[in-house]
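Written out below as structure tokens is the structure these notes cover.
Here the structure is a predicted model, which is why all the values come from computation and not from measurement. What's counted below: heavy atoms across the whole structure, side chains too, no hydrogens, waters or symmetry copies. Quick note: residue numbers are just sequence positions, from 1. As the structure lists them, so they are numbered: ligands from 1, and atoms in each ligand from 1.
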Amino acid sequence: MQTPETYDVVILGAGAAGLMCAAIAGKRGRRVLLLDKADKIGKKILISGGGRCNFTNLHVNPAAYLSQNPHFCKSALARYTANDFLDLMRHYHLSWHEKILGQLFCDQKAPAIVEMLWTECQQAAVTLRLNTDVTQIQRADAQFHLHTTQGAFQAASLVIATGGPSIPRMGATDFGSHIAKQFGLKNIPFSPALVPFTFDQTLLEGLFAGLAGVSTPVAVSCGDGYFREQMLFTHRGLSGPAMLQISSYWQKGAAVQIDLLPGLDAYAWLQSVQQQRPKAELKTLLAEVLPNRLAQRLCETLFPNRPLGQYGDKMLQSIAAQLHAWELTPAGTEGMRTAEVSLGGVDTRELSSKTLEARKVPGLYFIGETVDVTGWLGGYNFQWAWASGWCAGQYA
Ligand code: FDA
């Protein structure tokens with residue numbers, strides 16, 4: 001039998017959370033082994049934010065995270081903040097810019113973030129093994145024993161940082177859930193989040209026909225979610241930041257309500273233009289406040305297109321109401337194939353919010369996307385990965 005290599009901590013997954021955790025645990029003098037089945041570290045960081053990595057958000061707060069237990073993320077987010085990550089970036093002379101809504105992007109691009117985290121790991125003497133598949137994990141004598149395609153390892157602490165199953169073509173899996181299950185911990189099933197909506201063919205060939213590529217600012221709501229961002233028509237349905245955000249709050253069969261003219265009182269506006277320009281057609285007027293193609297389609301499918309003077313007051317009210325509360329029921333989403341993250345993961349009631357350690361299994365930690373904490377679009381998910389990785393790194 002092979003003699004296992006012994007470490008203090010084995011971390012599975014060299015993504016955002018795993019890299020942070022490895023560096024922090026290593027700096028405490030722990031002998032850390034970081035294992036990944038991929039051929040390089042930080043793959044999702046590298047493709048994030050169109051290659052510029054939207055690495056955090058100025059407005060991080062617990063309300064921007066979805067979880068069955070919304071209080072769970074508070075402790076980690078309070079102990080490792082966006083400013084802490086900015087301090088790390090300053091130390092490496094990296095700079096950033098805010099795009100919109102507090103979203104911070106790295107000026108030196110995503111590879112610089114991965115390099116920074118890897119340098120931190122190297123300074124903390126972390127050992128890295130790539131292309132390593134774990135075939136078996138057992139716990140005996142207060143040690144975790146791992147069998148892998150690259151040999152056997154053991155450690156008193158095991159950190160699961162294998163992320164969520166979104167974008168399977170990148171090798172993403174629900175491995176973390178299987179480990180949780182193996183050790184008797186509950187999971188909230190993973191489901192796609194921050195994902196485009198798909199619609200029925202009837203709608204795609206009707207109201208949506210010819211609109212692919214059209215983008216407009218909207219306010220969208222569904223359940224407890226409300227976002228004011230851009231909406232984009234696609235060949236399959238609706239996308240853009242507004243739709244990605246609200247998809248995390250959507251459940252099959254529910255309608256999303258779209259305000260096409262947020263910030264404008266459509267009824268008052270229609271009344272005033274009716275008086276000033278009664279001969280102007282509705283589609284001409286709508287094209288002044290909406291993309292031309294969308295204005296045309298609305299007047300071909302939803303509203304009768306007439307000179308404004310010909311509408312009665314009730315009709316104006318009805319048009320205004322539809323512009324502010326357009327209800328659409330998606331057929332579904334594009335699923336894990338394109339989802340930016342996944343909802344669900346290890347049930348947070350199984351974990352300590354301070355250490356991220358499993359209550360029932362001493363030495364077993366879950367961090368990042370493996371945990372049932374999912375952020376909004378805009379740097380929130382990386383901040384959770386940094387914060388949860390940092391916290392577990394203090395104790396593992
Ligand atoms: P992450 O997925 O980063 O890492 C998991 C690691 O575990 C991977 O290296 C994987 O290879 C490894 N692994 C998986 N199974 C394994 C196994 N069985 N054994 C060993 N290793 C295993 N967020 C954000 O805040 N800002 C942004 O700009 C973006 N942009 C973005 C774009 C795209 C296209 C995607 C898909 C996602 C984003 N995100 C994002 C989300 C963000 O990437 C995500 O929330 C974090 O990467 C999660 O960090 P983790 O460390 O938990 O998992």
ask   = Counting from 1, what ligand 1 atoms have a heavy atom of Ala16 closer than 4.0 Å?
value = 3 (O), 49 (O), 51 (O)
message = Hydrogens and angles aside, do Asp87 and His91 bring a side-chain donor and acceptor to less than 3.5 Å of each other?
response = no
query = Is it the side chain (CB and beyond), the backbone, both or neither of Ile167 that lies under 4.0 Å from ligand 1, heavy atoms counted?
reply = side chain
request  = May I ask whether Gly379 places a heavy atom under 4.0 Å from ligand 1?
outcome  = yes
request  = Would you mind checking which non-hydrogen protein atom is closest to atom 4 (O) of ligand 1, with the distance to 0.1 Å?
outcome  = Gly15 CA, 3.3 Å
task = Just jot down the ligand 1 atoms closer than 4.0 angstrom to any heavy atom of Ala17, in number order.
result = 51 (O)
request  = Specify the protein heavy atom at minimum distance from atom 9 (O) of ligand 1: its residue, its atom name, and the distance to 0.1 Å.
outcome  = Asp36 OD2, 2.6 Å
key: Per-residue contact class, Val341 against ligand 1 - non-hydrogen pairs under 4.0 Å   = side chain
task = Nearest heavy atom to atom 48 (C) of ligand 1 wins, so pick from Gln103, His178, Glu369.
result = Glu369
task = State the atoms of ligand 1, each with its element, that fall below the 4.0 Å cut-off from a heavy-atom position in Ala38.
result = 11 (O)
query = Got the closest protein heavy atom to atom 14 (C) of ligand 1, with its distance?
reply = Thr162 O, 3.4 Å
task = Would you mind checking if Glu5 and Arg129 are paired as a salt bridge, meaning a charged N to carboxylate O distance below 4.0 Å?
result = yes
message = Checking the side chain of Glu350 only, and the main-chain atoms of Lys186 only, is there a donor and an acceptor separated by less than 3.5 Å?
response = yes
message = Checking the side chain of Thr81 only, and the main-chain atoms of Ala78 only, is there a donor and an acceptor separated by less than 3.5 Å?
response = no
key: Distance-only N or O hit between ligand 1 and Ser166, under 3.5 Å   = no
query = Are Lys283 and Glu288 within salt-bridge range, i.e. N to O under 4.0 Å?
reply = no
query = Counting from 1, what ligand 1 atoms have a heavy atom of Gly368 closer than 4.0 Å?
reply = 52 (O)
remark   = If we number the atoms of ligand 1 from 1 as shown, the ones under 4.0 Å from a heavy atom of Asn381 are 23 (N), 25 (O), 45 (O)
query = Under a single-linkage definition using a 4.5 Å side-chain heavy-atom cutoff for Ile, Leu, Val, Met, Phe, Trp and Tyr, are Trp269 and Leu302 assigned to the same hydrophobic cluster?
reply = yes
task = Under 4.0 Å from a heavy atom of Asn54: give me the atoms of ligand 1 that qualify, with their elements.
result = 24 (C), 25 (O), 26 (N), 27 (C), 28 (O)
ask   = Do any nitrogen or oxygen atoms of Gly42 come within less than 3.5 Å of a nitrogen or oxygen of ligand 1?
value = no
key: Any Val134 heavy atom less than 4.0 Å from ligand 1   = no
Residue pair Glu340 / Ser166, side-chain donor-acceptor N/O under 3.5 Å = no
query = When you check the side-chain N and O atoms of Thr348 and Gln68, is any donor under 3.5 Å from an acceptor?
reply = no
Phe55-Phe105 aromatic ring centre distance below 6.0 Å = no
key: ligand 1 versus Phe382: contacting region, heavy-atom distance under 4.0 Å   = both
key: Met231 with Tyr226, same ILVMFWY side-chain cluster at under 4.5 Å   = no
ask   = Quick one: do Val373 and Ile188 end up in the same hydrophobic cluster if we chain Ile, Leu, Val, Met, Phe, Trp and Tyr together by side-chain heavy atoms under 4.5 Å apart?
value = no
key: Shortest reach to atom 21 (N) of ligand 1 by a heavy atom, considering only Lys37, Met20, Lys40   = Lys37
Check: Asn83 side chain, Phe85 main-chain N or O, donor-acceptor pair, under 3.5 Å = no
message = Looking only at distances, can you tell me whether any N or O atom of Ile47, backbone or side chain, sits closer than 3.5 Å to an N or O atom of ligand 1?
response = no
query = Can you tell me the protein heavy atom closest to atom 2 (O) of ligand 1 and the distance?
reply = Lys44 CD, 3.5 Å
query = Which ligand 1 atoms are under 4.0 Å away from a heavy-atom of Ala161?
reply = 5 (C), 6 (C), 7 (O)
query = Does a salt bridge link Glu120 with Lys27, judged by any charged N lying under 4.0 Å from a carboxylate O?
reply = yes
request  = Could you tell me if any non-hydrogen atom of Glu340 lies under 4.0 Å from any atom of ligand 1?
outcome  = yes
query = When you measure from atom 53 (O) of ligand 1 to every protein heavy atom, which one gives the shortest distance, and what is it?
reply = Gly163 CA, 3.4 Å
inquiry  = Using modelled atom types and a 3.5 Å cut-off, is there a donor and acceptor pairing between side-chain atoms of Arg30 and backbone atoms of Ala396?
reply    = yes
inquiry  = Side chains of Thr56 and Gln383: any donor to acceptor distance under 3.5 Å?
reply    = yes
query = If we only count N/O pairs under 3.5 Å, is Gln383 in contact with ligand 1?
reply = no
inquiry  = Within ligand 1, which atoms have a heavy atom of Gly49 less than 4.0 Å away?
reply    = 28 (O), 30 (N)
